[in-house]
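Reminder, nothing fancy here: chain letters follow the sequence lines and each chain counts from 1. The structure presented is a predicted model; accordingly, all values stated were derived computationally and were not measured. All heavy atoms count here, side chains included; hydrogens, waters and symmetry mates do not.
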Amino acid sequence: MGKIEIDPLRWKEEVLKKYPKKVAKKRDKGILVHDGEMPKQIMANVRSIPGIITARGCTYAGCKGVVLGPTRDIINLVHGPIGCSFYAWLTRRNQTLPPTPESENFMNYCFSTDMQDSNIVFGGELKLKQAVREVFEIFKPKSIGIFSTCPVGLIGDDVHAVAREMKEELGINIFGFSCEGYKGVSQSAGHHIANNTLMKHVIGRNDTAPEGKYKINMLGEYNIGGDAFELERIFEKCGLTLVSSFSGNSTIEQFERAHTADLNVIMCHRSINYVAEMMETKFGIPWFKVNFIGADASAKSLRRIAEYFEDAELMARVEEVIAEEMAIVKEAIETVYPRTTGKVAMLFVGGSRAHHYQELFSELGMSTLSAGYEFGHRDDYEGRRVIPTIQVDADSRNIEVLTIEADETRYRPRKTDEEIAALNAKGCGFGEYDGMMADMAKGALIIDDISHYEMEKLIEIYHPDIFCAGIKEKYCVQKMGIPLKQLHSYDYGGPYAGFEGAVNFYNDIDMMINTSIWKMIKAPWQVEPVIEAEYGV
Amino acid sequence: MGKIEIDPLRWKEEVLKKYPKKVAKKRDKGILVHDGEMPKQIMANVRSIPGIITARGCTYAGCKGVVLGPTRDIINLVHGPIGCSFYAWLTRRNQTLPPTPESENFMNYCFSTDMQDSNIVFGGELKLKQAVREVFEIFKPKSIGIFSTCPVGLIGDDVHAVAREMKEELGINIFGFSCEGYKGVSQSAGHHIANNTLMKHVIGRNDTAPEGKYKINMLGEYNIGGDAFELERIFEKCGLTLVSSFSGNSTIEQFERAHTADLNVIMCHRSINYVAEMMETKFGIPWFKVNFIGADASAKSLRRIAEYFEDAELMARVEEVIAEEMAIVKEAIETVYPRTTGKVAMLFVGGSRAHHYQELFSELGMSTLSAGYEFGHRDDYEGRRVIPTIQVDADSRNIEVLTIEADETRYRPRKTDEEIAALNAKGCGFGEYDGMMADMAKGALIIDDISHYEMEKLIEIYHPDIFCAGIKEKYCVQKMGIPLKQLHSYDYGGPYAGFEGAVNFYNDIDMMINTSIWKMIKAPWQVEPVIEAEYGV
Amino acid sequence: MAATSSFTEGTSVFGGQANLLQAIETIFTVYNPDVIAVHTTCLSETIGDDVNQICQKARTEGYVPEGKFVIHCNTPSYVGSHVTGYANMVTSMVKHFATVSTTPKNQINLVAGWCEPSDMREMKRISTQMGIKTVMFPDTSDVLDTPLTGKHEFYPSGGVTIPELVSTGDSKFTLALGSYSSEDAATLLETKCKVKFSVLDLPIGLQATDKYVMALSRASKMPVPDSITADRGRLVDMIADMHQYLYNKRVALFGDPDTLVPLTEFLLSMDMKPVYIVSGTPGKKFETAMTNLLLKKVPEAKFKNGQRADMFLLHQWIKQEPVDLLIGNSYGKYIARDENIPLVRVGFPILDRIGHSHFPIVGYQGGMGLIIKILNAILDKEDRECAEEKVELTM
Amino acid sequence: MAATSSFTEGTSVFGGQANLLQAIETIFTVYNPDVIAVHTTCLSETIGDDVNQICQKARTEGYVPEGKFVIHCNTPSYVGSHVTGYANMVTSMVKHFATVSTTPKNQINLVAGWCEPSDMREMKRISTQMGIKTVMFPDTSDVLDTPLTGKHEFYPSGGVTIPELVSTGDSKFTLALGSYSSEDAATLLETKCKVKFSVLDLPIGLQATDKYVMALSRASKMPVPDSITADRGRLVDMIADMHQYLYNKRVALFGDPDTLVPLTEFLLSMDMKPVYIVSGTPGKKFETAMTNLLLKKVPEAKFKNGQRADMFLLHQWIKQEPVDLLIGNSYGKYIARDENIPLVRVGFPILDRIGHSHFPIVGYQGGMGLIIKILNAILDKEDRECAEEKVELTM
């Protein structure tokens, strides 16, 4: 980490000085310098400090935008004033590919009850019912999800009662989400609410299992920039059957059959681990964490899946695929590596991406000087082993925790305890996640829920070669002359998952870091004081 | 002619005062006030006065641009420096429709020998031969025409000799045109040269007659804006067979078979009457003048053609077609007429359009206050009866006049003298053209080869509602707040010929005359002197 | 830059005062602005927080440093539309700052209306060209269109200043551009400081710009310089040249009323046919304005605003009888693609193209820029799709 | 306005003197210009007319009124290209007018190069912004872009005046923009009047504009104002924003060398790949400049100028390996349509679109306008043709 001239501890001290005392005290716990040993405790998943300028989103965003948004054939009806619908309309970059042009796809539409003043005063349930009937009349969907925005809970509209009534009336699956924006401390609460509702109302409703020897679900992959397409390509090439994707390029039917899979693999631990946990309890499906961000990580994840099925044919096929794909990856990295190695990245985004993308940078020979999540919990930083010790504060306590029991008819353990233990010994890592910090170098700055001020100071002092965050940060950072890679939208590039994705990422990072324009920011008259020199003016 | 407040004779007097004496004397003879009787003699087809600012083009333009340009499968190779090729490249708006996408169409290309300084000094014949071979090698055309630009004649390159040699070498039809720009006094000379060459080298070379009972050639129709397409539509609907079009939407094969037609009808008398005359002598095909500009004129022309074939079935079919088409025309004119009637037009363009388009304006209830040709001859103004009295001056004397005799094998009179006389009595008008003036109202100003100065004065004094000319005049006139309709390019509208063309024209003139923007030329502060009035500033 | 008071479920029970006060403290300490503008949300509105009182409290309890300001307005999503919120905060600028002093100022207030920084810059350029001193508010020029310099300016050089806002009470006259966005602010300024005002359309197009220039001239008693007359003449010239390609073309439009009204007028001045127009923003003024513009010239036109006047309706209309052109924000691209209609991006938000913040559509020059886009959209399609024999070199 | 001496076959035998003299008399009598500029043709050149001598004779024989001028130059089509003719007449302006007086003038000469009136206007705007007095010649602004007023101005208000042309001999320095168009005139001005000069590219793009601004600053000893630095920063900002869409895009270009050289440099600064470049104008300077620009950055680039470097060749190259974008004049539309490549119209002639005479491509603002067109061309195609699942709202 050649660029670090200022001790990160010193940096932290300077930054905290700027804050009011109470704020400094709180931020102190959210900023760590990694000492390379066992991860230290970080304060995460706590309310952002009022006035601090955070990048976080709300619960509604996490529930409707992240988890349910990518499913093409559920009509996502937002119960609330129009703003929450309009600003969430197509602004998350999930892609979806219906099998035929005639197949249902409602993702381009924006469904809202468009609540008015009078609905706030007199209640909005009637309007909601009317909207449900209208949407059914026009589109005849298989399913409708109703999402609550802030006023809904406050004025006492019961979206669940409406959902039940309409479900009965219309004969299709209709369910509500109490995902008011103020619940919890970030979009993370919304993920949990979404997960709960999927378990309660959707998963396990259809026992028709798809054909296939090796059936898996992919959890926490949202098909940004076509990531899911690339993973589907790889799985198909390996002979794996993807029963359901939660929720990139998904349909409600996939969710309903998800319990027929024999393994759950998790990409984004933060947003979806609840579903994996509950499905294990209810249906007996084991899960482990995978990572398809990074070519080596992808290869490793594939091998673990093959290992799980304990099938020589599959293992052989997976090795063939890896060999074939890695040849292309290798060629790409060889071209790019000399131009990227030694460069420095920072990542502040999401609940898993800030961790996963360090893999890709590492493949490019780049180090991650600082990283942090927007809405991660302690386990995403420190590993799941700390879960029992996490204190649930008042802000998160209101998020329902479902009590799940084994399904009477559908519970079927896929592996015996012995098999699980044996596979764990081979590195399958069931139910494990070590978190981001375990993979980071000594001296790295870990910052949860980074504030704008901290971000500016990071850049001013450490001048990273690339900064990874989202659209809110993009233009400030680039005004400073530092390229910012958006890791929510991928800056409209991608896919970045899997092997082809890795190649795309190498090329895009090369493109950004070696852009000619960054070298031309200063005007010639700002660098050579020509007038004075030549004419003594 | 309600708008005429200044006597046109007085206008003429004022305008001539501006000129140097010698110039005034000459222009005096080119400007007439029509007294409504037998057309008076006008001076036309004489050299433009140096320095006067004329709209005319050169001989090369008339030969290559007008007559040969619209033929899609002859490669028009320009022998000369690049300018003459480049500025003539696709700037005349002939359209062409090859029967299949694979059919030959060279009209989008620009073929030139690109003469350099050294070719001027040492001669360009070798380069010309090289170009002919190259163009043959790449495109394998059926035919190549070689067009001479100014330097060619002056340096003594013999394009005809080269054409003969290459024709022998390559085995395709190759012919040259001595159409150097300085020949004659305008593009009119170029038409004549083109006509001569078509007679000498092309027409009559293929005796395979197309199927059809009523076979005609259409002469002097160049498919600007798709006019020929509309006429083809009408002819087909009537059951007429178009053997060859000179030269809108044409091919060399059509020209070669033109002598198999039984009637030549002429649209643009000026540019092509030579061919009609020569074909009558050589092949025995009678000709008469038609006019398909204007719905009534089109109906009349169709009736005359039907009359010629003396066939009841054809006559009946033509009447049916006319009835059908005129119903649509009538509907269109009824909508537009109230908005156009009483308006005043002026037309200065071409060698027949300034005459023909008066028909259309008349159908719109509009009068033509002033008109004139760019390159017409006296017969185009006064009628063919004056041809014997026209004096050929030095400038035109060098244009070859072919001596044509009846073709030994192909001459076949289509009608006996008696039949011709009988048809003439019915109004067929063989070999006749009465010229523009016969159709104009008393008091109209007829101006040949109008100068820019005269044009400005016409507009200043008479404020026409629409002015028809070409691109050179377009923007000056419109800056004066008068809409200018281009009658060379139709302002990229059209077709205007035939019935659908008439409807297009009505609508386009309505559009131009009633454009909202012409009423907004003055800024509000120019019409209501608000500041002074309100504040006394 | 936007900060949040970070409400949670607890706040919704106990009220947001503590959060807002802490936010104000944090912001002044860390980011040191001159003004904090507080916008309410559905949440704070629904629980009934008295933001005015909280802001007062912030001052009395010392959270607002000397010489600094906290202003606020009500912006619940369930009242009106985004335009309502805009208008409310503009009005709040008047409420909090405009003051009458003893010295009248020879300046004109321009209440800018919802438009791009480029548009605001252009409106100021025109008034400067006329030799008129103006105060424009809000003013996003040199704020939302700043250069890349290697330094992030948290508070860029542009925009209106506090002393300028204070001085609006001493101005000679106010021009409010766009009745939806700006009329309330101008009305309050008259009530509060006796500054007379006119409400005009945003100067989109020939006639609206004429009215803008005339109004500036009347208000300032300054004559219109020849350079503006020449700019106008260039737009007239361009319209005359384009007329044959635009005449009678059917256009569908959607967006905000203050944009749509002058835009419709502009299209009509070019003899185009605005046949379908929708705006999600409610209010009678839209209907009145559109009826006045369209009743005689395009009696077949359909227009609607407020609830249910959405792009789904627009799309249905288009499917019933197609149009030649679609004008609206980036969301139009889906209809444009489905129906193969060229789209000209005008309005908010434009999320998929660059340039709107740098090149105006207001004023005579902006009008030229806009109709060039319109013409290109139509001709590019023509060039691409016309029959082979109809391809034209010259147009 | 263009008049002709109306040669006929007789003239070609006897020489054009009588015609030219008559033309001069007619023009001065009827149209009363201050200057007649005589351009020769292939015809007068081939027959060997001595235009200089004829113009002399016109004066001695009284065809040229007192205080009026006849200037001339040689412009046969068989020598060089249209650019040669342009350069020759510009040089002739120097030859006939530039004079050294006793009083040096604190002004810079700008020999404008072949560009649009909008470009000339923008180059002058930049120098004015720097507080520099300039004489630009030729200057088509306010000549070829005049307003529609209801009156046709035969001699519009814009352009360079005779006293200004005379004064160029007293200027401090000359900037010649475009070596093909302007170097000869600048060289003659130095020879004749000892005014030193630099030859620069037309200021198309970031770097060429940097050089233009620096050269102006050096020549005038005036510092660069912050407003220009900000304009520059806005262009840099826009390039940074667009970069991901433009990076590595393959571009084919054709046109005049003075446009193509800075345009190629501009594309390279955005990391685009100008892979095919042709110009019909001959001369070694083109090859040298292109080699310098491309050798390292795009070694696979093909470029050619002079005879046979035509659009047929360009089309063949494109057919061999396609490009993402075509930049050139209106003639490019046929290749664009055949090969389904977006076309951005730059250069001469543009016959099928409106706007190029009003919106510049030079300077930082012009650069923004140009790359907006480039980006739109690429993204419009993407929006139209991409797979349904790849349609993006935000880009």
### Task
For the pair Thr29(D) and Lys18(B), evaluate side-chain contact (heavy atoms from CB on, under 4.5 Å) and give the outcome as yes or no after the intermediate values.
CA-CA 7 Å; Thr29(D) 311; Lys18(B) 180 77 175 182; 5.9 Å; no

### Message
One pair to check against side-chain contact (heavy atoms from CB on, under 4.5 Å): Met115(B) and Ser77(D). What are the steps and the verdict?
### Response
CA-CA 8 Å; Met115(B) 279 177 120; Ser77(D) 181; over 6 Å; no

Contacting region of [X] [heavy-atom separation from chain D under 4.5 Å]:
X         : result
Thr91(B)  : side chain
Ile517(B) : neither
Ile120(B) : side chain
Asn108(B) : side chain
Lys472(B) : neither
Glu454(B) : neither
Thr149(B) : neither

Checking [X] against chain B: side chain, backbone, both or neither under 4.5 Å from a heavy atom?
X         : answer
Thr41(D)  : neither
Pro147(D) : backbone
Phe28(D)  : neither

Distance from [X] atom [atom1] to [Y] atom [atom2], nearest 0.5 Å?
X         : Y         : atom1 : atom2 : value
Arg56(B)  : Ser6(D)   : CZ    : OG    : 7.5 Å
Phe154(D) : Lys479(B) : CZ    : NZ    : 14.0 Å
Glu25(D)  : Ile49(B)  : CD    : CD1   : 11.0 Å

### Query
Do Tyr31(D) side-chain atoms and Tyr453(B) backbone N/O form a donor-acceptor pair below 3.5 Å?
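Flag set: sc Tyr31(D) to bb Tyr453(B) pair under 3.5 Å.
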
### Message
Quick check against the 3.5 Å criterion: does Thr26(D) have a side-chain atom that pairs as donor or acceptor with the backbone of Ile52(B)?
### Response
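No; judged by distance alone, with no hydrogens or angles, the pair does not exist.
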
### Query
Are His452(B) and Val30(D) close enough, and set up right, to give a side-chain contact (heavy atoms from CB on, under 4.5 Å), and what steps lead you there?
CA-CA 10 Å; His452(B) 177 91; Val30(D) 182; over 6 Å; no

Report the option among [options] that has the most heavy-atom pairs separated by less than 4.5 Å from atoms of chain D.
options                                   : answer
Ile82(B), Thr54(B), Leu90(B)              : Leu90(B)
Gly153(B), Gly181(B), Pro20(B), Cys150(B) : Pro20(B)
Tyr182(B), Trp518(B), Tyr475(B)           : Tyr182(B)
Ser48(B), Ser118(B), Gly80(B), Pro81(B)   : Pro81(B)

### Message
side-chain contact (heavy atoms from CB on, under 4.5 Å), that's the test. Do Tyr78(D) and Asn119(B) meet it? Break it down for me.
### Response
CA-CA 9 Å; Tyr78(D) 48 76; Asn119(B) 306 125; over 6 Å; no

Taking every heavy-atom pair that is under 4.5 Å apart, which of [options] has the most such pairs with chain B?
options                                  : value
Thr149(D), Leu21(D), Thr46(D), Leu148(D) : Leu148(D)
Glu9(D), Met311(D), Arg308(D), Glu153(D) : Glu9(D)
Leu43(D), Thr4(D), Thr146(D), Ile47(D)   : Leu43(D)

### Task
Verify the neighbour count for atom NZ of Lys25(B): are there more than 12 heavy atoms of other residues, nucleotides or ligands below 6.0 Å?
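Counting neighbours around NZ of Lys25(B), 12 or fewer heavy atoms of other residues, nucleotides or ligands fall under 6.0 Å, so no.
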
### Query
Can a salt bridge be assigned to the pair Glu456(B) and Lys151(D) using a cut-off of 4.0 Å between side-chain N and carboxylate O?
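Salt bridge flag = no for Lys151(D) with Glu456(B).
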
#### Entry: Aromatic ring proximity Tyr331(D)/Phe86(B), centre distance under 6.0 Å
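When the ring centroids of Tyr331(D) and Phe86(B) are compared, they turn out to be within the sub-6.0 Å range.
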
### Query
With a 4.5 Å limit on heavy-atom distance, are the side chains of His152(D) and Val477(B) in contact?
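His152(D) vs Val477(B): side chains apart.
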
### Distance-minimising heavy-atom pair for Leu154(B) and Ser12(D)
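Shortest heavy-atom separation between Leu154(B) and Ser12(D) comes out as CD2-CB, 3.8 Å.
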
